[in-house]
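Take a look at the structure set out below.
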Amino acid sequence: MPFIANTDAQKADMLAQIGLTEAGLFADIPPELHCGALNLPEGMPEQKIRRHMAKLADRNATGLMSFLGGGFYDHFIPAAVDAIVSRSEFYTAYTPYQPEASQGTLQAIYEFQTAICRLTGMEVANASLYDGGTALYEAMMMSLRITGRRKVLIDQTVNPIYRTMIRSYSSNLGVEIMELPFRNGKADREQIARCLDDQTAAIMVQNPNFFGCIDDYTDVGEMAHQRGALLVVSTYPISLGLLKTPGAMGADIVTGEGQSLGMRVCFGGPYLGYMSTLMRHVRQMPGRIVGRTVDGQGRQGFVLTLQAREQHIRREKATSNICTNEGLCALTALAYLSVMGKEGLRQLAQVCADRAFYLQQRLLKLPGVSLRYPGNWYFNEFVIDLPERADAVICRLLERGISAGFPLARYYENMEKSLLVAVTEKRTKDELDFLVHCLEVSL
Amino acid sequence: MKVIFEKSVPGRRGLDVVDSEVPVQADFPAALLRDQPAGMPELSELDVVRHFTELSQRNVGVDGAFYPLGSCTMKYNPKAAEQVAHYPGFSYLHPLLPQLPKGETLVQGALEVLYETERLLSEICGMAAFTLQPLAGAHGELTGAMIMAAYHRDRGSKHKKRMLIPDSAHGTNPASAAIAGFAVQTIPSDHDGYLDVDALGKALGDDVAGLMLTCPNTLGLFEPRVAEVCRMLHQVDGLVYCDGANLNALLGVCRPGDIGFDVMHVNLHKTFATPHGGGGPGAGPVGVAEKLVPFLPVSVVRKRQDGSFYLDYDCPKSIGYIAPFYGNFGVILRAYAYIRMLGRDGLPRVAQNAVLNANYVREKLRPFYDLPYGQLCKHEVVLSASRQAAVGVRALDIAKALIDRGMHPPTMYFPMIVPEALMIEPTETESRETLDAFIGYMKEIAELAKTDPEAVRRCPTSTPVGRLDETRAARQPDLAMR
């Protein structure tokens with residue numbers, strides 16, 4: 001039997017030694033609760049399962065030239081990252097409850113926290129959350145705890161999937177969530193000014209936003225702070241190689257989706273939520289936190305700390321129910337950021353932006369193609385309006401092996417002709433030109 | 001060992017980034033840019049690989065050592081399951097593809113994996129349907145609690161606000177219930193370690209939304225009156241949630257759905273052998289009985305008569321989105337491969353061997369440690385080190401002494417109702433030789449506690465660091481390098 005070591009003879013001997021029979025092992029379960037044989041397929045040897053899985057994998061279209069983003073990006077992953085993460089001392093360990101036997105995991109988390117602080121311009125970060133959406137939800141809950149208020153504003157240029165998640169999570173909590181319409185693709189300051197009041201816990205925004213627009217939320221932070229509210233910014237970590245940090249904008253809590261830091265898109269997960277904040281809010285932050293300390297001989301070491309916030313101590317009064325997070329994904333992000341390094345990360349962000357800018361300029365020369373929100377700066381993603389329904393164009397380009405972008409009508413009204421196009425460093429100039437060519441002949 | 005940022009050498013590079021290749025540059029105004037580059041380490045690729053190799057050597061995983069961490073099911077993670085999850089046909093699949101027009105045709109293989117995994121889990125657990133979206137066990141609990149809330153709301157039972165939870169439950173249970181909007185009431189355990197059914201009866205009332213029960217419970221015991229408990233809850237129109245963290249004990253033997261549970265989560269990273277990753281990523285799929293199916297999160301994978309698969313977003317009673325997409329797909333792949341490898345005959349043997357191993361450890365350690373609940377156990381056994389604590393050697397000390405003997409310690413101080421608890425879950429993948437070695441060490445440590453308690457309290461001495469100053473860590477928090 002695979003994955004079971006003991007032989008039948010060993011089992012019989014073990015049972016005899018403890019005075020039990022095989023059936024006796026389950027004698028405590030009332031007979032009427034025993035199920036019969038499960039209606040499952042027969043087991044497969046390794047050779048068969050690998051062939052079976054390879055066939056399933058072949059039925060997925062991963063060979064497409066992809067311009068899909070929407071918060072989830074296909075970036076290049078250095079081989080060293082995979083090599084580091086596939087060390088089983090990391091991936092077959094669990095939550096570091098025994099610090100002396102887990103210094104590898106603990107130090108890596110401390111280093112991850114440091115990297116996230118430096119990337120976002122904040123003072124403290126946690127050990128990770130499930131994904132960018134749950135991280136934003138946790139930031140909202142944290143803002144309610146900090147301010148003692150029950151209302152939040154969320155800009156509609158925040159990823160619509162995250163906004164949907166936040167609405168689901170809040171349905172039983174009596175939180176008033178106001179979604180604010182945008183203006184020309186960016187957060188509408190007049191709307192914010194109108195809706196911010198003394199009951200508002202936070203204003204939640206995203207940079208670059210869902211349309212790829214880059215914004216500077218310094219003024220929004222000031223408006224929030226004047227009313228005693230917090231500024232929460234959801235981010236795309238690769239862009240932070242280049243862009244002004246939320247910390248420099250006066251953000252109180254920063255979150256983001258870390259998938260682009262060395263993780264494949266993998267049909268939706270595992271991903272990596274991250275969160276950073278100011279030191280004065282640390283005791284309201286959810287999730288695990290690692291701290292640096294010393295042992296009895298003064299040697300540096302790392303431990304889980306500030307655990308009085310957490311569910312295993314506080315139970316129903318905890319800051320969050322989170323227990324297991326995304327440890328291996330945090331390690332992946334740290335390994336990725338370490339290989340990229342200070343200059344590599346900046347260069348990478350610039351390459352993505354340059355290629356996206358080039359593609360945008362070329363597309364705008366096509367007849368009937370226009371920039372949906374002109375006059376803004378874009379990072380690696382932008383919205384164009386096509387002369388016809390985006391759905392129809394996407395279908396035609398899929399036949400040529402191109403996934404041209406995301407049709408915004410799925411989440412926004414009156415945007416049937418709008419296409420969200422993303423570019424990473426994996427899309428070569430030839431491929432950008434090919435997209436332009438295919439679009440030209442298909443319009 | 002230095003922190004990676006302390007190893008940085010200005011100007012050193014780990015990777016050459018590709019050129020932009022394009023003739024234009026995005027020339028952003030300075031106001032939109034950061035003042036200085038983000039302070040990432042400046043290291044060669046070898047520097048980075050050495051750093052993380054050294055870190056990995058300061059870690060203990062299942063591949064390296066026996067890891068009987070109770071309640072966590074640290075079984076071996078088969079390498080084939082690991083390998084198939086990395087197939088490019090899965091790992092490079094963009095999650096927004098199905099939302100494109102006709103997009104489902106691009107992801108048929110992935111949808112089949114999701115659909116089949118849901119069916120397999122439903123059969124294994126005796127539930128009507130599963131969602132794979134929850135991203136961890138606690139996330140599954142929250143999803144389940146939200147489903148319970150939605151069910152009561154749909155029936156107009158707004159007054160159902162009380163969630164009953166035994167005192168032996170995982171801390172995530174009350175935390176998840178609270179976040180779903182319930183008021184938590186704790187139910188005590190009785191002298192035998194079971195849920196106190198009399199106390200439960202007194203707590204029941206019209207405002208009770210449900211009960212969250214771990215099965216087998218966190219003492220590793222099967223609740224003898226669990227079916228009756230389910231009926232009692234149903235009589236007040238309450239729902240019964242099964243925390244499936246301990247499902248390994250029941251595989252192919254007994255199904256929570258048949259017992260009467262209405263909703264449950266399973267931990268793919270426990271029962272179904274996906275790696276724990278040093279604390280995630282996990283996955284906590286949620287199964288429900290027929291009456292709760294309409295409340296499952298969107299989207300739902302469905303199969304057409306022609307055998308093709310699609311995602312259904314039209315679920316008016318659903319609790320909505322709880323994850324951005326379809327769950328931790330990479331974890332689901334591993335679990336699917338594991339279930340298919342074991343199959344119909346393999347899964348019951350998992351439970352049999354897990355339970356045999358736990359009871360073997362229980363009986364062999366009985367002479368040396370207290371067993372406050374010494375009856376037949378399921379997949380794990382909870383000892384008490386109170387006999388040792390009387391001579392100054394606590395459960396913590398015993399744990400550290402095990403580290404010096406090359407084994408990962410059991411879970412300590414949980415469940416909270418057992419003083420000086422050591423919760424041992426050997427799992428089915430461990431051999432008798434390993435169990436005997438562990439038993440030998442536990443016996444040796446128990447002897448040492450009598451003859452030289454100080455020697456136990458000094459442990460560990462073989463690790464890169466000794467016991468760390470946790471008070472200092474909390475009082476003078478150093479949470480990131482400046």
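All of these numbers come straight from a predicted model, not from anything done at the bench. Order of the sequence lines fixes the chain letters, A, B, ..., with proteins taken first and strands second; residue numbering starts at 1 for each chain.
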| Under the side chain to side chain contact (heavy atoms under 4.5 Å, CB included) criterion, do B/Met1 and A/Gln300 qualify, and how do the steps go? | CA-CA 8 Å; B/Met1 187 183 165; A/Gln300 168 181 285; 5.8 Å; no
| request: Take A/Lys244 and B/Asp35, measure what salt bridge (charged side-chain N to carboxylate O under 4.0 Å, His left out) needs, and give me the verdict at the end. | output: CA-CA 7 Å; A/Lys244 183 169 179 176; B/Asp35 303 338; over 6 Å; no
| request: Could you go through the salt bridge (charged side-chain N to carboxylate O under 4.0 Å, His left out) check for A/Glu343 and B/Arg13 one step at a time? | output: CA-CA 8 Å; A/Glu343 183 56 19; B/Arg13 296 292 300 271; 5.1 Å; no
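In terms of non-hydrogen atom pairs under 4.5 Å with chain A, the most contact-rich of B/Ile339, B/Leu43, B/Ile124 is B/Ile124. Of the residues considered (B/Val331, B/Val350, B/Val113, B/Leu142), B/Leu142 shows the highest number of contacts with chain A, using heavy-atom pairs under 4.5 Å. Ranked by heavy-atom pairs under 4.5 Å with chain A, the first of B/Ala399, B/Gly282, B/Ala110 is B/Ala110.
Annotation: side chain of A/Met340 is in contact with side chain of B/Val17 (closest heavy-atom distance under 4.5 Å). The closest side-chain heavy-atom distance from A/Asp131 to B/Leu135 is below 4.5 Å. Residues B/Val226 and A/Leu33 meet the side-chain proximity criterion, which asks for heavy atoms closer than 4.5 Å. At a threshold of 4.5 Å between non-hydrogen side-chain atoms, the residues A/Tyr358 and B/Glu21 do not count as touching.
Separating the OG1 atom in A/Thr92 from the OH atom in B/Tyr67 is a distance of 8.0 Å, to the nearest 0.5 Å. Note that the SG atom of A/Cys395 and the NZ atom of B/Lys102 stand 5.0 Å from one another [nearest 0.5 Å]. Note that CZ of A/Phe406 is 10.0 Å distant from CG of B/Leu97, once rounded to the nearest 0.5 Å. Going from atom CG of B/Asp478 over to atom CZ of A/Arg292 covers 4.5 Å, rounded to the nearest 0.5 Å. Note: A/Thr293 OG1 to B/Arg472 CZ = 5.0 Å, rounded to the nearest 0.5 Å. Note that NE2 of B/His94 and OG of A/Ser403 are 7.5 Å apart. Values are rounded to the nearest 0.5 Å.
The two atoms that bring B/Pro23 and A/Lys429 nearest to each other are CD-CE, 4.1 Å, heavy atoms only. Closest of all the heavy-atom pairs between B/Val84 and A/Arg50 is CG1-CG, 3.8 Å. Listed here is the closest heavy atom pair of B/Leu120 and A/Pro41: CD2-CD, 3.9 Å. Nearest heavy-atom pair, A/Cys266 versus B/Phe329, reported as atom, atom and distance to 0.1 Å: O-CB, 3.4 Å.
Panel note: side chain A/Asp354, backbone B/Ala26; a donor-acceptor pair is recorded below 3.5 Å. Checking side-chain atoms of A/Tyr130 against main-chain N and O of B/Ala323 turns up no donor-acceptor pair under 3.5 Å. For the pair B/Gln108 (side chain) and A/Arg59 (backbone), a donor-acceptor distance under 3.5 Å is absent. The backbone N or O of B/Arg432 sits less than 3.5 Å from a side-chain atom of A/Asn6, completing a donor-acceptor pair. Using a distance-only test at 3.5 Å, with no hydrogens or angles considered, a donor-acceptor pair links the side chain of A/Asn60 to the main chain of B/Gly89. A/Ser168 contributes a side-chain N or O that, together with a main-chain N or O of B/Tyr321, makes up a donor-acceptor pair within less than 3.5 Å. In this structure, A/Glu89 contributes its side chain and B/Asn59 its backbone to no donor-acceptor pair below 3.5 Å. Checking side-chain atoms of B/His408 against main-chain N and O of A/Gln98 turns up no donor-acceptor pair under 3.5 Å. No donor-acceptor distance shorter than 3.5 angstrom exists from the side chain of A/Asn172 to the backbone of B/Gly181, with no hydrogens or angles considered. Under a 3.5 Å cut-off, the side chain of A/Gln113 and the backbone N or O of B/Leu479 do form a donor-acceptor pair.
B/Arg58 and A/Gln107 are not linked by any side-chain donor-acceptor pair at a separation below 3.5 angstrom, with hydrogens and angles left out of the test. Side-chain contact check for A/Glu111 and B/His51: at least one donor-acceptor pair (N or O, by modelled atom type) lies under 3.5 Å.
In this structure, A/Phe72 has its ring center closer than 6.0 angstrom to the ring center of B/Phe325. Residues A/Phe267 and B/Phe90 place their aromatic rings such that the two centres sit no closer than 6.0 Å.
In this structure, A/Tyr169 and B/His139 have tilted ring planes: the angle between them lies in the 30° to 60° band.
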